[in-house]
Amino acid sequence: MELRHLRYFIAVADAGSLTVAAEQKLHTSQPSLSRQIRDLEDEVGVQLMLRGPHGIELTTAGKAFLEHARMALVQSEAAKEAALRAAQSSNPSFALGFISGVEIGLLPNTERVLRKEYPGIEIRLSSDYSPVLAKSLMRRRLDAAFIRPEEHMDDLNYKQVRSDPLAVVCTSDHRFASQASVSLDDIAKETFLLPSKAAPALRRVVLESFSRAGIEIKSGYDVHNVVHAISMIASTCGVMLLPAYTKHYLPESLKMRPVAGAAPTLDLILAYHKANKSPVLKLLISKTGQLSETSPSRATRQSR
């Protein structure tokens with residue numbers, strides 16, 4: 001996925017028309033733009049737009065994707081500016097990664113902590129899957145990243161930031177939507193959506209939770225990300241276990257309910273390369289406890 005795909009998608013969404021976006025905003029041909037949008041949908045794995053005689057309309061997945069696309073473009077421009085300033089400045093720079101979505105709760109506090117000690121610091125941000133960020137850390141492309149515990153992290157050290165409870169996501173008209181909580185036994189009786197291998201830590205926690213409870217779970221669908229999850233839950237009327245903080249991304253047509261009893265949890269860690277001796281990193285590690293305002297118990301209450 002390239003930034004131009006995001007620019008094209010945003011232009012079409014804002015114009016409400018492929019033709020208008022192509023001619024007035026992007027100065028390209030309509031067939032070429034349509035091909036770029038199809039390529040983007042193939043990359044994401046879900047349909048983002050519905051095409052009709054009177055223009056286009058975003059699907060539920062498209063609306064969720066649009067917010068992140070705008071954020072990605074803003075961050076890309078910020079990264080470009082940071083690189084240009086860093087080339088002309090002696091101020092320290094720090095490359096920081098986030099699992100897509102968690103930056104909403106963590107980034108403000110992280111920036112506050114770093115800028116208090118280093119007012120002129122240039123913070124370069126990345127958002128991606130946890131395994132991708134782990135590889136970037138091992139290749140020294142990032143100084144630190146908020147990720148999940150991944151396998152084969154021998155070159156990395158880490159410090160736990162918080163533990164995210166998992167909760168059940170379903171459609172608003174599903175029987176679970178009116179329940180105070182949902183048991184793993186009941187979940188196993190429904191069409192169940194399983195995180196794909198792109199999110200191995202989440203997939204592992206979900207499967208281990210059912211295994212420990214002695215429950216056999218069968219899934220006909222693998223889900224790659226939150227946008228894909230929203231689309232698949234809505235289209236299949238299935239259910240899925242997702243971290244409670246993803247409630248902020250759900251449309252009104254979906255609901256999140258707590259898991260009955262002790263909910264499965266997924267650790268969020270601050271990881272960094274063992275050889276990284278950056279004083280900025282040292283400061284961030286020492287302030288880890290101040291970065292996440294939402295505790296697991298509070299997150300669980302918010303999901304109800």
With sequence neighbours left out, the residues meeting side chain to side chain donor-acceptor pair (under 3.5 Å) with Asn276 are Asp143
Tell me, with the steps shown, if Glu208 and Arg212 meet side chain to side chain contact (heavy atoms under 4.5 Å, CB included). CA-CA 6 Å; Glu208 289 177 353; Arg212 283 196 302 270; 3.7 Å; yes
Transitive ILVMFWY side-chain link Leu3 to Tyr8, under 4.5 Å: yes
Leu241 side chain reached by Val168 side chain, heavy atoms, under 4.5 Å: yes
For a 4.5 angstrom cut-off between non-hydrogen side-chain atoms, does Tyr118 reach Leu283? yes
Look up atom CG in Leu281 and atom CG in Leu142, then write down how far apart they are to the nearest 0.5 Å. 11.5 Å
All N/O donor-acceptor pairs, side-chain side in residues 191-207, below 3.5 Å, sequence neighbours left out:
| residue | atom | partner | partner atom | Å |
| --- | --- | --- | --- | --- |
| Ser196 | OG | Ala198 | N | 3.2 |
| Ser196 | OG | Val223 | O | 3.4 |
| Ser196 | OG | His224 | ND1 | 3.1 |
| Arg203 | NH1 | Pro195 | O | 2.8 |
| Arg203 | NH1 | Asp222 | OD2 | 3.4 |
| Arg204 | NH2 | Pro149 | O | 3.2 |

Of all pairs that satisfy salt bridge (charged side-chain N to carboxylate O under 4.0 Å, His left out), the ones with a partner from residues 28-45, not counting sequence neighbours: Glu41-Arg51
Tell me whether Ile37 is reachable from Val20 by hopping between hydrophobic residues (I, L, V, M, F, W, Y) whose side-chain heavy atoms are closer than 4.5 Å. no
Ser172 versus Lys255, closest heavy-atom pair with distance: CA-CG, 3.6 Å
Are more than 12 heavy atoms from other residues, nucleotides or ligands located less than 6.0 Å from atom CZ of Arg141? no
Can you confirm whether Tyr221 is buried at OH, in the sense that more than 12 heavy atoms of other residues, nucleotides or ligands lie under 6.0 Å from that atom? no
Can you establish whether the number of heavy atoms outside Lys282 located under 6.0 Å from its atom NZ is more than 12? no
Please report the shortest heavy-atom distance between Ile215 and Ala188, naming the atom on each side. CG2-CB, 3.5 Å
Heavy atoms, side chains only, cut-off 4.5 Å: are Val161 and Leu106 in contact? yes
Glu150 side, atom CD; Arg148 side, atom CZ - distance, nearest 0.5 Å: 9.5 Å
Residues 96-108 vs salt bridge (charged side-chain N to carboxylate O under 4.0 Å, His left out), sequence neighbours excluded, gives none
Those residues that, when tested against Glu190, pass side chain to side chain donor-acceptor pair (under 3.5 Å) (two or more places apart): His174, Arg175
To the nearest 0.5 Å, what is the distance between OG1 (Thr28) and CG (Leu18)? 11.5 Å
State whether a side-chain donor-acceptor pair under 3.5 Å links Ser127 with Ser100. yes
With a 4.5 Å limit on heavy-atom distance, are the side chains of Ser235 and Gln47 in contact? no
Tell me, do Met256 and Thr246 make a side-chain contact under 4.5 Å, heavy atoms counted? yes
Any Ile230 side-chain heavy atom under 4.5 Å of Leu250 side chain: yes
Are side-chain heavy atoms of Thr288 and Phe146 found at a separation under 4.5 Å? no
Whether the side chain of Thr171 engages the backbone of Leu254 through a donor-acceptor N/O pair (distance < 3.5 Å, no angle test) should be reported. no
Under the side chain to side chain donor-acceptor pair (under 3.5 Å) rule, collect the residues that match up with Ser34, sequence neighbours excluded. Gln30
In this structure, CD1 of Ile269 is separated from CG of Leu156 (nearest 0.5 Å) by 8.0 Å
Please identify each residue that fulfils side chain to side chain donor-acceptor pair (under 3.5 Å) with His228, with sequence neighbours left out. none
Heavy-atom check, side chain of Leu291 versus side chain of Leu284, under 4.5 Å: yes
For Tyr249, ring pair (Phe, Tyr, Trp, His ring centres under 6.0 Å) partners two or more places apart: His68
Rounded to the nearest 0.5 angstrom, the CG-CG distance for Leu58 and Leu66 is 6.0 Å
Heavy-atom nearest pair, Ala271 first then Tyr158, reads CA-CB, 3.9 Å
Identify whether Leu96 and Val113 are in the same connected component of the hydrophobic contact network (ILVMFWY, side-chain heavy atoms under 4.5 Å). yes
Salt bridge or not between Asp155 and Arg140? Use side-chain N to carboxylate O under 4.0 Å. no
Would Asp185 and Ser183 satisfy side-chain hydrogen bond (donor to acceptor under 3.5 Å, both in side chains), going step by step from the backbone distance to the final call? CA-CA 5 Å; Asp185 275 321; Ser183 70; 5.2 Å; no
Tightest non-hydrogen contact, residues Ile147 and Met153, listed as CD1-CE, 4.2 Å
Interatomic distance, Glu57 atom CD to Met49 atom CE [nearest 0.5 angstrom]: 11.5 Å
In short, Phe9 meets Ala69 closest at the heavy-atom pair CD2-CB, 4.4 Å
Does one hydrophobic cluster hold both Ile285 and Ile121, with members joined at side-chain heavy-atom distances below 4.5 Å? yes
Which atom pair, heavy atoms only, marks the closest approach of Cys170 to Phe176? SG-CB, 3.8 Å
Using the side chain to side chain contact (heavy atoms under 4.5 Å, CB included) rule, take Asn109 and Gln290 through it: C-alpha gap first, then chi angles, then the decisive distance, then the call. CA-CA 7 Å; Asn109 284 346; Gln290 302 177 22; over 6 Å; no
Salt bridge (charged side-chain N to carboxylate O under 4.0 Å, His left out): which pairs involve residues 262-281, sequence neighbours left out? none
Output yes when a side-chain donor or acceptor of Arg257 lies under 3.5 Å from a complementary backbone atom of Gln179, and no otherwise. yes
Starting from Val132 and following side-chain heavy-atom contacts under 4.5 Å between hydrophobic residues (I, L, V, M, F, W, Y), which residues can be reached? Tyr129
Go through the structure and list residues passing salt bridge (charged side-chain N to carboxylate O under 4.0 Å, His left out) with Asp186, not counting sequence neighbours. Lys189
Among pairs that include at least one residue of residues 21-49, which meet ring pair (Phe, Tyr, Trp, His ring centres under 6.0 Å), considering only residues two or more places apart or in two chains? none
